[in-house]
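First comes the structure, then the notes that go with it.
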Amino acid sequence: MEKPLETSPLLESRHKPGQTRWIRYELYPILVLMFSISAWMIMITLVPFDETTVPDQSYILDAEEWNWEAIPPEVTLLWSTCYKVLECARLRVPMDWLEPSNDSSVVLAVIRKNATSQVDYIGPLFINPGGPGGSGVSLIKESWRTFHTAVGDNHDLISFDPRGIGATTPQMHCFSGPQSETIAKIQDIGLSDSHPGVLYDKFAHQVLASKTCTANLGDAARFMGTASVARDMLEINTQLGYEKIRYWGISYGTLLGGTFAALFPDSIERLLSDGNVDYSEWYNGTGIHFCEDTDKVLDVFFGLCSEAGPSTCDFWEPTPQAVQDRLEALFTRVRKYPVIVEANRTLADFQNAVISYSDVKKAVVMSTYQPILFFSQLATSLRELEAGNGLPFLEMEIARGHMQKTFTCCGSAGCGADSWPLDAVGNGDAARFVKCAENNFPEENIEIVERYLEDMQKTSPMSGVVMFDYMKMNCVGWTAKAKWKFHGPFEAKTSYPILYLANIYDNVTPLGSAVRNHKKMEGSVVLIQNSYGHGSISAPSKCTAQYRLAYFQNGTLPMNGTICEVDARPFGIPLKIQEIDAREAGESDEDMANAMQELMHLPVVRGVI
Ligand SMILES: *[C@@H]1O[C@H](CO)[C@@H](O)[C@H](O)[C@H]1NC(C)=O
Ligand SMILES: *[C@@H]1O[C@H](CO)[C@@H](O)[C@H](O)[C@H]1NC(C)=O
Ligand SMILES: *[C@@H]1O[C@H](CO)[C@@H](O)[C@H](O)[C@H]1NC(C)=O
Ligand SMILES: *[C@@H]1O[C@H](CO)[C@@H](O)[C@H](O)[C@H]1NC(C)=O
Ligand SMILES: *[C@@H]1O[C@H](CO)[C@@H](O)[C@H](O)[C@H]1NC(C)=O
Ligand SMILES: *[C@@H]1O[C@H](CO)[C@@H](O)[C@H](O)[C@H]1NC(C)=O
């Protein structure tokens, strides 16, 4: 699901080393919603820091040569060449699908990469990267080859920037540009449980932020909900000449898929729902099931670190409990004695910084999104923090986009220039204008919110507060409710069965949510991947890859409850013999293996939902 959006690459590129004297590297700002997208951008542009293979991204095209505004908006799909080898269109649709005669409109940025093989040509397949806030345009632009391998290159890959996001207009932002957003973020006061009373200050800050944001967004904020986006997707598919949709939704994309399926059950040809948001819980807004497995992923960290041995896990202790105790001791220490990192004037990247309890706890919980990529480096950073060395931690968090190297109001475009680009990996504010607008989270009642936090901390003692701050706190004070709120029912018999895909332990979209959704959708099937982290793509699994491909190619469904083993474990721990035996025997397919590596690096998995 969501992950904090952070600095935009724009800011990054504007930064001139040495310009600032200090660093505020807030992790997950109050204002940022879970699904932060700008962090994605940073993450993909930075040098990877993990032990896994780096995907070849040489095909990424230079976006500067082309621009969306050159395409006139039309009420029908008119494609033009973009990003050298892709096609783009700007489609005008009603702002208010419930009142389409009203002139107000939204112009959707749509992107397509045609099938590269005409053998058994299948037609269009939609992909949504989640968020809410992820840019479908960016996903196809950066990763179409990977998706072609994953689903078969006889599909035309289609995506679009959902309402408010990226090149779709109107753009919706709480701030006028990355600069003002950064200024707001550096006022973050830490986790709600960091020190007594912070919860109350944070609540007040967030109520104010919500009011400012809704005022900036204006009336359009009422038309950004998931139901409207589902209707937009139907419109694109219809204009492509198809009655039924083929769709792969990841994370929040599963909510978009489920909403689509509930609204238009007869329009489903294939629907793969990967990393599942509980439909009812999302719209209700007060559920806490989404964090029911977060601590289990942390338990995996303790267990595997202990199993890996001292030469592989730098935070090693002989038992999982001892690893956990060591971490708790670090939290206690750093709460009272934050780690100070002094400016090193020869290293522009590392200026003055204080690493607080909030920073460390957030980093630990955020690692649960991608254990294979993050656990090893996390262990090293924690050990160094214990020794009073904060540099490795800073490096890790900057690489993930959770902290900023430096902050400056003056970028290369000059002081005061502050606007949002059309090309974006996503929009971190979308988690608010979509989620807060369509759920029933209590708006301005601190007592209710306080009880809610307590419940989350009971469900998830180690991670509850972080998940609360990311997933819930950002909706307090939000008053702009969606006009079209589809709250179910989600019981439907779809024209083709949905394939739900879930990890044994997913830190933010648990298996339980997939099962609850599945029970409402007739004929649907749950495929379980024996891994931890967010979404099946957080771990490579030949078995999962084969089922996914077979579903899209042939419509083949696995038996409900089938469990797929994975091909890699965190810390590089070798697979157990029985796990290797249990994998579906498949020909070794190097392209698919590479595609799985690349999928693991997609920014989407690091997003909040
Ligand atoms: C059309 O929609 C806009 C935006 O919601 C709204 O302000 C306006 O009142 C609507 N006009 C009509 C005629 O419904
Ligand atoms: C992409 O595929 C569509 C549908 O088959 C076709 O109409 C269109 O011309 C193709 N575009 C390109 C650039 O080949
Ligand atoms: C949300 O769910 C809770 C717990 O299941 C329930 O008590 C409440 O009535 C629901 N609220 C809405 C608006 O659906
Ligand atoms: C600053 O960084 C440089 C380059 O890594 C290193 O050689 C130097 O010792 C560092 N200085 C301090 C004070 O840490
Ligand atoms: C689809 O079905 C055909 C015919 O049974 C088979 O040869 C092919 O391997 C299947 N493709 C996948 C990806 O399962
Ligand atoms: C399908 O599998 C899931 C996961 O094992 C299980 O919870 C669910 O009850 C099964 N559904 C049916 C209809 O058997």
Side-chain angles (χ1 to χ4, degrees), residues 61 66 71 76-89 110-126 140-141 144 147-159 236-242 246 248 270 272-274 276 278 289 292-293 491-494 497-506 509-531 536 541-564 584-589 591-592 595-596:
L61 299 164
W66 178 83
I71 312 183
T76 55
L77 278 173
L78 287 181
W79 298 98
S80 61
T81 303
C82 58
Y83 309 110
K84 294 184 183 151
V85 297
L86 304 176
E87 290 174 286
C88 293
V110 189
I111 192 163
R112 169 165 83 180
K113 175 59 193 174
N114 269 1
T116 50
S117 162
Q118 294 300 315
V119 180
D120 300 325
Y121 171 74
I122 286 177
L125 170 81
F126 284 73
I140 297 298
K141 180 162 69 95
W144 61 267
F147 282 103
H148 259 164
T149 306
V151 300
D153 57 8
N154 49 355
H155 291 92
D156 297 337
L157 302 174
I158 311 280
S159 197
I236 298 170
N237 200 48
T238 306
Q239 292 214 15
L240 287 166
Y242 289 79
R246 291 165 178 271
W248 178 1
R270 299 281 184 277
L272 176 63
S273 191
D274 184 355
N276 289 273
D278 182 318
H289 284 301
E292 66 195 7
D293 286 344
E491 284 78 10
K493 177 168 173 46
T494 51
I498 297 175
L499 176 53
Y500 290 100
L501 185 46
N503 292 341
I504 292 268
Y505 300 142
D506 186 311
T509 54
L511 173 57
S513 295
V515 171
R516 287 185 289 274
N517 291 344
H518 144 76
K519 294 206 159 138
K520 296 175 187 155
M521 293 292 189
E522 207 175 319
S524 67
V525 159
V526 182
L527 173 61
I528 301 167
Q529 181 170 293
N530 187 15
S531 68
S536 74
S541 165
K542 236 175 276 165
C543 169
T544 301
Q546 280 170 359
Y547 280 120
R548 189 165 54 208
L549 186 63
Y551 179 67
F552 283 123
Q553 289 295 317
N554 291 348
T556 315
L557 286 152
M559 247 179 37
N560 182 56
T562 299
I563 299 179
C564 270
E584 299 281 298
E587 333 144 28
S588 72
D589 179 342
D591 286 347
M592 187 61 88
M596 288 190 292

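Start at 1 and go down the list; that is how both ligands and their atoms are numbered. From a predicted model like this one, the values you see are computed outputs, not experimental measurements. If you read the sequence from its start, that first residue is 1, and numbering goes on from there.
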Inset, instruction - Determine, using heavy atoms of Y121 and all atoms of ligand 2, whether some pair is separated by less than 4.0 Å. - result: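 The answer is yes, since Y121 has a heavy atom less than 4.0 Å from ligand 2.
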
Inset, instruction - Determine yes or no for a side-chain-to-main-chain donor-acceptor pair under 3.5 angstrom, with E87 supplying the side chain and W79 the backbone. - result: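 Side chain of E87 to backbone of W79, a donor-acceptor pair under 3.5 Å: no, none is there.
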
Inset, instruction - Spell out, as yes or no, whether a donor-acceptor pair under 3.5 Å connects the side chain of N560 to the backbone of V526. - result: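 Present.
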
Inset, instruction - Say whether N154 and Q553, considering side chains only, have a donor N or O and an acceptor N or O under 3.5 Å apart. - result: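 Judged by distance alone, the side chains do pair up.
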
Legend entry - Gap between atom CG of L78 and atom CD of Q239 - 0.5 Å precision: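 CG of L78 is found 9.0 Å from CD of Q239.
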
Legend entry - Rounded distance [0.5 Å steps], CG in L511 versus CD1 in I504: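 These two atoms lie 6.5 Å from each other.
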
Atoms in ligand 6 flagged as close to [X], the criterion being non-hydrogen separation under 4.0 Å:
{"X": "V515", "result": "7 (O)"}
{"X": "K519", "result": "9 (O)"}
{"X": "G561", "result": "2 (O), 5 (O)"}
{"X": "H518", "result": "1 (C), 8 (C), 10 (C), 11 (N), 12 (C), 13 (C)"}

Inset, instruction - List for me each residue that meets side chain to side chain contact (heavy atoms under 4.5 Å, CB included) alongside S536, sequence neighbours excluded, and say none if there are none. - result: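 By the side chain to side chain contact (heavy atoms under 4.5 Å, CB included) rule, S536 matches D274, L501, N503, Q529, T544, R548.
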
Inset, instruction - Can you sort out the partners of D293 under side chain to side chain donor-acceptor pair (under 3.5 Å), two or more places apart, ordered by chain and number? - result: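 If we apply the side chain to side chain donor-acceptor pair (under 3.5 Å) test to D293, skipping adjacent residues, the hits are K296.
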
Inset, instruction - With sequence neighbours excluded, tell me which residues meet side chain to side chain donor-acceptor pair (under 3.5 Å) with Y500. - result: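 Per chain and number, Y500 pairs via side chain to side chain donor-acceptor pair (under 3.5 Å) with Y279.
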
Legend entry - Amino acids contacting ligand 5, non-hydrogen cut-off under 4.0 Å: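 Within 4.0 Å of ligand 5, protein side: L549, A550, N554.
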
